[in-house]
Amino acid sequence: MEIILRQTTFSAGRSPIFRCFRNISDIVGSQTNKQISRSYSDVSGQPKSKSEIDNNKSVSGVENKTMSGFGKAFEKFSLLTRKPLDEPDIKFATLLRHSKFMQLGDPQGKVVEGKIIRVVGNDLYIDFGGKFECVCQKPLKNERDYVRGSRVRLRLQRLELSTKFLGATKEITLREADALLVGIVRTPFRT
Amino acid sequence: MIRTIANRFKWNAARYFTQTCSINSDASLCQNAASLKVDQLADIKESELKEISDPLKFPDYFGVRKLFRIKDLFDARIHYGHKDGTLDPNMKPYIFGSRLGHLIFDLDKTAEMLQDALNFTAHIAYRGGIILFVSHCPQHTLTVENAAKQAGEYAHAREWDFHIFTNSEKVYNGVTRLPDLVILLSTLNPQMQEHTAVKDAAKMCIPTIGIVDSNSNPNLITYPIPGNDDSPAAVQLYCNLFRDAILLGKSKKPMEVY
């Protein structure tokens with residue numbers, strides 16, 4: 001089936017016709033693929049260049065997965081110019097199921113990598129991909145390494161600091177995560 | 001649909017032809033000519049006829065649907081809500097579920113409501129309305145003000161003065177034109193209470209668009225958008241989307257009204 005797909009790129013580049021051609025091949029079978037491709041290229045009215053003929057010859061004999069010349073260039077540029085809107089939208093449920101957030105499970109004790117986004121005095125504001133960033137004290141050892149843009153390793157405690165105070169019906173949130181700074185991964189100063 | 005537009009054209013065409021009929025001033029002859037023209041008009045594509053009529057008749061005249069995809073919302077962390085304990089009961093319909101106490105928004109619902117809000121914004125901008133971006137989170141002040149500047153609209157990202165909507169004549173010493181739309185990037189102030197702009201805009205009959213997190217109340221907001229309002233990435237995305245919608249609305253020239 002892959003051979004048929006590649007043959008169609010030589011004759012016509014429009015995606016609806018591409019898809020339709022694949023269905024015909026499924027019904028008809030692999031024997032008549034050469035016939036179909038030839039008649040299709042006649043319909044399109046494009047003059048067959050030498051490279052196209054060469055490619056057809058090479059492909060028709062053995063199941064050849066490598067392309068050359070026009071076909072290769074066509075595939076490369078069609079991928080570049082294909083706008084993201086042409087591809088089908090991934091469903092939210094799928095995105096969530098395969099996200100790191102689901103993989104994390106209980107955040108307590110999990111080691112993650114974060115990036116320092118702000119340094120205010122002795123405090124480091126670190127973003128590890130969650131809803132909130134965590135705030136950690138700058139360690140005394142290797143103080144120079146902890147600057148904005150450094151990547152650090154954290155041990156998470158909680159993703160959000162929110163608790164219910166005595167007598168309250170609703171919790172109060174600090175809009176901050178809680179994590180322990182384990183060490184440095186990469187710093188912009190040293191290589 | 002085409003028939004109603006064709007009828008409208010019949011009336012307009014008849015008027016046009018009676019005015020220009022200089023050779024024969026007989027009104028009936030001119031009307032016959034107009035009816036012939038209408039049949040030709042009926043052959044014109046429906047899309048062309050629609051272009052001449054009201055943009056409000058279209059579900060998405062400015063193409064705001066193309067501004068974002070669910071993957072973009074996901075990458076900007078819009079699906080993250082607060083914890084179970086801070087949930088406002090009015091937000092329950094928009095929650096997908098709770099993962100170990102952390103709430104997740106249903107991005108399918110969010111996307112739909114975001115499209116409606118962006119479409120509304122574009123229409124307001126198209127008709128030359130004043131749009132005010134409001135936010136009281138100090139972390140996002142720069143993002144909000146920049147977005148407003150790029151869109152050519154207004155922003156109020158500082159502490160809200162209580163009387164600016166309800167007593168504007170006294171505050172500004174004269175008759176003031178209030179905004180035609182208020183976009184709230186966060187409906188809570190730093191004290192975790194509802195932002196005054198929500199109530200005041202409702203009092204002054206100004207439509208509002210608001211990003212409501214799981215701890216906010218969406219009741220007084222005209223176009224609520226359930227989503228994360230705390231992450232800087234999320235706020236940046238919202239600002240970009242609203243700015244793009246406004247610029248899309250402004251890019252189309254408003255048609256002449258007959």
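Below, chain A is the first sequence line, B the second, and so on; all start at residue 1.
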- Query: Among B/M192, B/R99, B/K83, which residue forms the greatest number of heavy-atom pairs with chain A at distances under 4.5 Å?
  - Reply: B/R99
- Closest non-hydrogen contact found for B/F96 with A/A93 is CZ-CB, 4.3 Å
- Find out whether A/L159 and B/H102 are in side-chain contact, i.e. whether some heavy atom of one side chain is under 4.5 Å from a heavy atom of the other. yes
- What part of B/I70 lies closer than 4.5 angstrom to a heavy atom of chain A: side chain, backbone, both or neither? both
- Query: Within a strict 4.5 Å, meaning less than it, do heavy atoms of the A/L95 and B/K71 side chains meet?
  - Reply: yes
- State, with a plain yes or no, whether a side-chain heavy atom of B/P190 is found less than 4.5 Å away from one of A/R175. no
- Task: Answer yes or no: are there more than 12 heavy-atom neighbours, outside A/R148 itself, under 6.0 Å from its atom CZ?
- Result: no
- Side chain, backbone, both or neither: which part of A/K164 has a non-hydrogen atom closer than 4.5 Å to chain B? neither
- Message: Heavy-atom count check: over 12 atoms from other residues, nucleotides or ligands less than 6.0 Å from B/K199 NZ?
- Response: no
- Could you tell me whether A/K115 atom NZ has more than 12 heavy atoms of other residues or ligands within 6.0 Å of it? no
- Message: So for A/L96, is it side chain, backbone, both, or neither that comes closer than 4.5 Å to the heavy atoms of chain B?
- Response: both
- So, do B/K109 and A/F92 sit near enough that their side-chain heavy atoms are less than 4.5 Å apart? no
- Item | Within 6.0 angstrom of B/E112 CD, more than 12 heavy atoms from elsewhere | no
- Message: Do the side chains of A/K131 and B/D213 get close enough for a salt bridge, i.e. N-O under 4.0 angstrom?
- Response: yes
- Note on the structure: Taken to the nearest 0.5 Å, the spacing of B/N215 CG from A/E171 CD works out to 11.0 Å
- Task: Heavy-atom distances under 4.5 Å only: say whether B/I104 touches chain A with side chain, backbone, both or neither.
- Result: side chain
- With a cut-off of 6.0 Å (strictly less than), are more than 12 heavy atoms of other residues, nucleotides or ligands near CD of B/Q150? yes
- Task: Decide if atom CG of B/L56 counts as having more than 12 heavy atoms of other residues, nucleotides or ligands within a radius under 6.0 Å.
- Result: yes
- Message: Out of B/L100, B/D106, B/N228, return the one with the most heavy atom pairs under 4.5 angstrom to chain A.
- Response: B/N228
- Between B/Y80 and A/F132, is any pair of side-chain heavy atoms under 4.5 Å apart? no
- Do B/Q139 and A/R118 have side chains that get closer than 4.5 Å, going by heavy atoms? yes
- Query: Which pair of heavy atoms, one from A/G130 and one from B/S231, lies closest together, and at what distance?
  - Reply: O-OG, 4.1 Å
- Item | Nearest-0.5 Å distance, NE2 of residue B/H82 to OG1 of residue A/T173 | 5.5 Å
- Message: Closer than 4.0 angstrom, basic N to acidic O: yes or no for A/D127 and B/R77?
- Response: yes
- Message: Need one label for B/D84: side chain, backbone, both or neither, based on atoms under 4.5 Å from any heavy atom in chain A.
- Response: neither
- Message: Looking at B/Y154, I want to see if its OH is surrounded by more than 12 non-hydrogen atoms of other residues, nucleotides or ligands under 6.0 Å.
- Response: no
